[in-house]
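Along the sequence shown, the residues carry numbers beginning at 1. Just the heavy atoms: all of them, side chains too, but no hydrogens, waters or symmetry mates, feed the values below.
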Amino acid sequence: QVQLVESGGGLVQPGGSLRLSCAASGFTLDDYAVGWFRQAPGKEREGVSCISSSGSGQYFADSVKGRFTISRDNAKNTVYLQMDSLKPEDTAVYYCATDCSGALYGSATVITTRARWGWGQGTQVTVSS
């Protein structure tokens, strides 16, 4: 069965950290660029970060730049999102998807995806004191 499974979310205080994992089954993640996206209540899903298939290319939304890092372990067929210095506005359901790309529109980095293999169930991140 082809699927993406996100995990690692939870409740954390402002300034805290979490590491999210995106695991794939039924296909090999290292063939694809993989991105993280999030959707807060009442808002549209937005791109957070994207990593190329080799790991050498990385994009971050301006809102998370300097706080989040993305990495991949192709041997484990998994992509990670390390989130530090978390803020309440980071609260959202986080999803991963393949075939992402990043582009600069004016001064803003925009991350999109074709989501070839669809979306997982997501993992909830809540930042609150």
Side-chain angles (χ1 to χ4, degrees):
Q1 182 180 0
V2 172
Q3 62 178 350
L4 290 163
V5 179
E6 302 93 344
S7 62
L11 173 62
V12 63
Q13 292 186 342
S17 298
L18 285 172
R19 188 177 82 155
L20 306 184
S21 298
C22 169
S25 61
F27 68 101
T28 303
L29 262 184
D30 59 0
D31 291 337
Y32 305 97
V34 179
W36 285 95
F37 300 80
R38 67 186 182 186
Q39 187 167 21
K43 295 187 177 181
E44 292 189 359
R45 185 150 44 193
E46 63 173 350
V48 174
S49 184
C50 173
I51 186 168
S52 65
S53 57
S54 68
S56 61
Q58 299 180 9
Y59 298 90
F60 296 92
D62 295 342
S63 59
V64 305
K65 207 168 291 183
R67 300 188 297 121
F68 290 10
T69 55
I70 191 169
S71 61
R72 63 191 306 154
D73 185 339
N74 288 338
K76 294 183 178 180
N77 215 24
T78 302
V79 171
Y80 304 99
L81 184 70
Q82 177 68 40
M83 307 187 297
D84 299 319
S85 302
L86 282 161
K87 303 176 180 180
E89 51 263 43
D90 295 318
T91 295
V93 179
Y94 284 70
Y95 303 88
C96 61
T98 65
D99 299 274
C100 60
S101 60
L104 203 60
Y105 289 89
S107 60
T109 298
V110 177
I111 295 164
T112 58
T113 179
R114 292 192 295 127
R116 180 194 303 255
W117 300 108
W119 302 91
Q121 82 290 347
T123 186
Q124 175 70 49
V125 172
T126 303
V127 185
S128 175
S129 55

Evaluate Thr113 against Asp99 for side-chain hydrogen bond (donor to acceptor under 3.5 Å, both in side chains), listing each step before the verdict. CA-CA 5 Å; Thr113 179; Asp99 299 274; 6.0 Å; no
Are the side chains of Ser49 and Leu81 in touch, meaning some heavy atoms are under 4.5 Å apart? yes
Which pairs with one or both residues in residues 101-110 pass salt bridge (charged side-chain N to carboxylate O under 4.0 Å, His left out), sequence neighbours excluded? none
Closest non-hydrogen atoms of Leu29 and Ala24, given as atom of the first, atom of the second and distance, are CG-CB, 3.4 Å
If you define the side chain from C-beta out and look only at heavy atoms, does anything of Asp90 sit under 4.5 Å from Arg67? yes
State, with a plain yes or no, whether a side-chain heavy atom of Tyr95 is found less than 4.5 Å away from one of Leu4. no
Take atom NZ of Lys76 as the centre, draw a 6.0 Å sphere, and report whether it contains more than 12 heavy atoms from other residues, nucleotides or ligands. no
Atom OH of Tyr80 with >12 non-hydrogen neighbours under 6.0 angstrom: yes
With Arg116 as the cation and Tyr32 as the aromatic partner, state whether NZ or CZ is under 6.0 Å from the six-membered ring centre and within 45° of the axis. no
Flag side-chain contact, heavy atom, 4.5 Å: Gln124 against Leu11: no
With a 6.0 Å cut-off on the ring centroids, do Phe68 and Trp36 count as close? no
Heavy-atom distance under 4.5 Å between the side chains of Ser25 and Gln1, does that happen here? no
Between atom CG of Asn74 and atom OG1 of Thr28, what is the distance when rounded to the nearest 0.5 Å? 9.0 Å
CZ of Arg72 to CD1 of Ile51, rounded to nearest 0.5 Å, is 6.0 Å
Are any side-chain N or O atoms of Ser56 and backbone N or O atoms of Ser54, one a donor and one an acceptor, separated by less than 3.5 Å? no
Looking at Val93 and Gly122, what are the two nearest heavy atoms and their distance? CG1-CA, 3.8 Å
